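Just so we're on the same page: letters track the sequence lines, and every chain starts at 1. Values reported hereafter were calculated over all heavy atoms of this structure, with side chains retained and with hydrogens, waters and symmetry mates removed. This one's a predicted model, so the numbers in the text were calculated from it and none came from an experiment.
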Amino acid sequence: MRYIEPHAHMVSRITDDYEAMRLAGCVAICEPAFWAGFDRSSAAGFYDYFCQLTDYEPKRAAKFSLPHYSWLCINPKESEDMGLARDVLGLIPEFLQRSNVLGIGEIGLNKNTRNELRILEEHVDLAARYDQLILVHTPHLEDKLKGTNLILDVLRADSRIKPGRVIIDHVEEHTVERVLDAGFWAGITLYPESKATPARAIDMVERAGMKNIWLNCACDWGRSEPLAVPRTAIEMSRRGHSREAIDHLVYGNPLRFLSQNPRFQIP
Amino acid sequence: MTREQVLDLYFMDARCKLIELAAFLDRVDRSDGEGDFRLQSLRMALPLLSSSEAGRAKAVLEALSDPTLEPIPSANGKGACGAWPGIVSH
Ligand SMILES: [Zn+2]
């Protein structure tokens, strides 16, 4: 089996995870910028983080023949401080030159505040000005439905944004249809308690179709499972899905979306 | 999959989760104090399982969601708890 892990926070994982993912059939890993579990105190902290994502982490992945790509932004959890957020936004264009950066992400909302929304709009503007792909994080739990609607409004309000170049991640049963119906890609995240289980993820795919959906593990510093995508592939197989259908979902679909940026290459 | 195959694959898992939920509600009853909006939200969502319509998971998620439309002025914290506190006054 081969698969692409399109959303994993490898800076928080141990090296053994890279090896396990490679052994399970992973052929490329993409890492969106995210919250470290604490607030960084300055834009300089983000500068160092962006260097880690674009320089150090790809070297760690390369030890297992895994290409590593990243997405850059300030996470909505830290965008309440708009001064800091704008300083970080100012750093991003320099890093967009790097050959392993795929786009702007994971931007979005967390608690659906006015400041978060304003910084989301500024990220979308940055992506449009630099013609970047966008990866969107939708809020957790009770905030997801409202946040998804607000995010869709922001994206649709900017006529420069092409829905086919935007993936809206962490969809669940109450948000997947509205995301796909609006022409965006949808990401299903496999997580132990929140988000989706393998069984529910496959239910969503069976109902919504496989067209513009990817699966990801979003493994980070919390309880999460770096092998969630291959485990879900096994679950699909138990349900009788063909080898081709599984390959389409866990390899072909992320390849199709990510290849919109010509930098994304699988050797 | 046939219905029989779905049962073969998932019945034991669903049975386990159903009993866990029942035991959780017993545990809540045995405990002291009032509880809060989380318990209220869960109790309001439970009847959705008995619906004969498809889309139960979606309905439960919606029942546990913030139904308001406007962004809030600022947040008290970064986390989410799985139920909407406003359900108490709604
Ligand atoms: Zn993430």
Inset, instruction - For side chain to side chain contact (heavy atoms under 4.5 Å, CB included), just list the numbers for B:Ile72 and A:Arg114, CA-CA rounded to whole Å, side-chain angles, deciding distance to a tenth of an Å, and then say yes or no. - result: CA-CA 6 Å; B:Ile72 58 174; A:Arg114 288 180 196 150; over 6 Å; no
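- The distance from atom OG of B:Ser74 to atom CG of A:Asn115, rounded to the nearest 0.5 Å, is 8.0 Å.
- Within 6.0 Å of CZ on A:Arg129 lie more than 12 heavy atoms contributed by other residues, nucleotides or ligands.
- The local environment of CZ in A:Arg160 is crowded, with over 12 non-hydrogen atoms from other residues, nucleotides or ligands closer than 6.0 Å.
- A heavy-atom distance below 4.5 Å is found between the side chains of B:Lys78 and A:Asn110.
- The line from CG of A:Asp203 to OH of B:Tyr10 is 7.0 Å long, rounded to the nearest 0.5 Å.
- A 6.0 Å sphere centred on CG of A:Asp181 holds more than 12 heavy atoms belonging to other residues, nucleotides or ligands.
- Residues A:Thr113 and B:Pro71 fail the side-chain proximity criterion, which asks for heavy atoms closer than 4.5 Å.
- By the neighbour-count criterion of 12 heavy atoms within 6.0 Å, atom CZ of B:Arg38 is sparsely surrounded, having that number or fewer from other residues, nucleotides or ligands.
- Atom-to-atom distance recorded for A:Thr175:OG1 and B:Leu61:CG is 8.0 Å, nearest 0.5 angstrom.
- Looking at B:Ala83, only its backbone comes within 4.5 Å of chain A, counting heavy atoms on both sides.
- Atom CZ of residue A:Arg238 and atom CG of residue B:Leu9 lie 5.0 Å apart, to the nearest 0.5 angstrom.
- Looking at every heavy atom in both residues, A:Leu150 comes nearest to B:Leu69 through CD2-O, 3.5 Å.
- Between B:Lys58 and the choices A:Met204, A:Glu172, A:Glu177, the side-chain contact (heavy atoms from CB on, under 4.5 Å) rule is met once, by A:Glu177.
- Using a 4.5 Å cut-off between heavy atoms, A:Lys144 does not touch chain B at all.
- Ranked by non-hydrogen atom pairs under 4.5 Å with chain B, the options A:Lys111, A:Lys146, A:Arg200, A:Glu80 are led by A:Lys146.
- Counting non-hydrogen atoms of other residues, nucleotides and ligands closer than 6.0 Å to CE of B:Met1 gives a total above 12.
- Rounded to the nearest 0.5 Å, atoms CG (B:Asp13) and OG1 (A:Thr197) are 8.0 Å apart.
- Contact check for A:Glu142 versus B:Leu64: no side-chain heavy atoms found under the 4.5 Å cut-off.
- Contacts of A:Glu206 with chain B are absent, with no heavy-atom separation under 4.5 Å from either backbone or side chain.
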